[in-house]
Every structure is written in C-alpha cells, then in structure tokens.
Amino acid sequence: MSARHQRGPEKQRPGGLRQPLKGYASPDDSSLKKYWDTRREAGGQLDRFTSRIASKQNYACPICGQALLNGEELHRHHLIRDVTDSARNNPKNIRIIHLMCHQQIHSPKYLAKAMKKGLLV
C-alpha cells in the first residue's frame with residue numbers, strides 16, 4: 001500500500017488500543033503532520049543512528065522531497081566521500097536518501113547538480 005493510501009490517524013481507545021478512523025488520510029495533509037511524524041518515529045523501521053538523521057531531515061529525502069518511509073530502500077549518503085577523512089561518518093556528514101536518489105547523485109548526469117545543492121563535497 002503506498003504512502004498516499006495508508007489509513008489515516010487513529011483515535012486512542014482505553015487501554016492504549018487504536019481505533020482506525022473512517023476513510024483515508026494522506027501524509028501530505030499538513031493538518032496531520034504531527035500524527036504522521038509520530039507514526040514514522042514509532043514505526044521502528046530505522047536503526048537509532050539512521051532515525052536520528054532522518055528526524056533532522058523531517059523524514060523527507062533531501063533529493064526528491066518525498067517521505068523517506070514510503071517503502072523504498074534507503075541509503076546513507078556521505079557528503080565527504082573520502083574514506084580516509086575522520087569526519088566521514090559524522091552524522092552531520094550523512095543524509096538519508098532513497099536508493100534511486102542515491103543512484104542519481106552518483107551518475108554523471110546529476111553530479112554537477114548535486115554539487116551545486118551541496119550534496120557532495
């Protein structure tokens with residue numbers, strides 16, 4: 001089921017059980033932003049390190065702008081690519097992006113565009 005067709009916010013019932021609301025709600029609905037952010041964080045789909053970085057990105061891919069947790073494979077993109085640089089694995093040097101976005105960044109066609117955006121050093 002795509003992110004656009006997931007069930008919407010759920011009401012809490014006594015005992016912590018969730019009661020689904022009728023109809024559908026979109027993660028793109030700005031009035032439901034807090035709900036979807038909480039749901040993504042609680043989803044447990046990411047390890048702690050990746051989740052911390054994704055949270056700083058508002059759980060959005062900096063390349064395409066779409067939600068990170070939309071079912072696509074995720075990759076860690078290093079701004080500083082030099083493996084001998086000690087800052088390479090610093091969280092400030094890493095962006096969480098979709099696999100396809102990562103492939104675009106490293107393709108010759110998009111390399112100049114990525115450097116302009118500051119996605120590569």
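We're numbering straight along the sequence, starting at 1.
Separating the CD1 atom in Ile94 from the CZ atom in Phe49 is a distance of 4.0 Å, to the nearest 0.5 Å. The CD1 atom of Ile105 sits 9.0 Å away from the CG atom of Leu79 when rounded to the nearest 0.5 Å. Going from atom NE2 of His78 over to atom CG of Asn90 covers 10.0 Å, rounded to the nearest 0.5 Å. Taken to the nearest 0.5 Å, the CZ atom of Arg95 stands 11.5 Å off from the SG atom of Cys61. If you take CD1 on Ile53 and CD1 on Ile97, they are separated by 11.5 Å, rounding to the nearest 0.5 Å. Rounding to the nearest 0.5 Å places OG1 of Thr50 at 4.5 Å from CD1 of Ile96.
The minimum heavy-atom distance linking Gly65 with Ala60 is given by the pair O-CB, 4.1 Å. For Ala54 against Leu68, the heavy-atom pair with the smallest separation is CB-CD1, 3.7 Å.
Within the 4.5 Å cutoff, the side chain of His75 has no heavy atoms near those of the His77 side chain. Between Leu69 and Leu74, the closest side-chain pair of non-hydrogen atoms falls below 4.5 Å. Using a 4.5 Å heavy-atom cutoff, the side chains of Leu46 and Tyr59 are in contact.
By the side-chain contact (heavy atoms from CB on, under 4.5 Å) test, Gln103 is found to be paired with Leu99, Met100, residues two or more places apart in sequence or in another chain being considered.
In this structure, His102 has its ring center no closer than 6.0 Å to that of His98.
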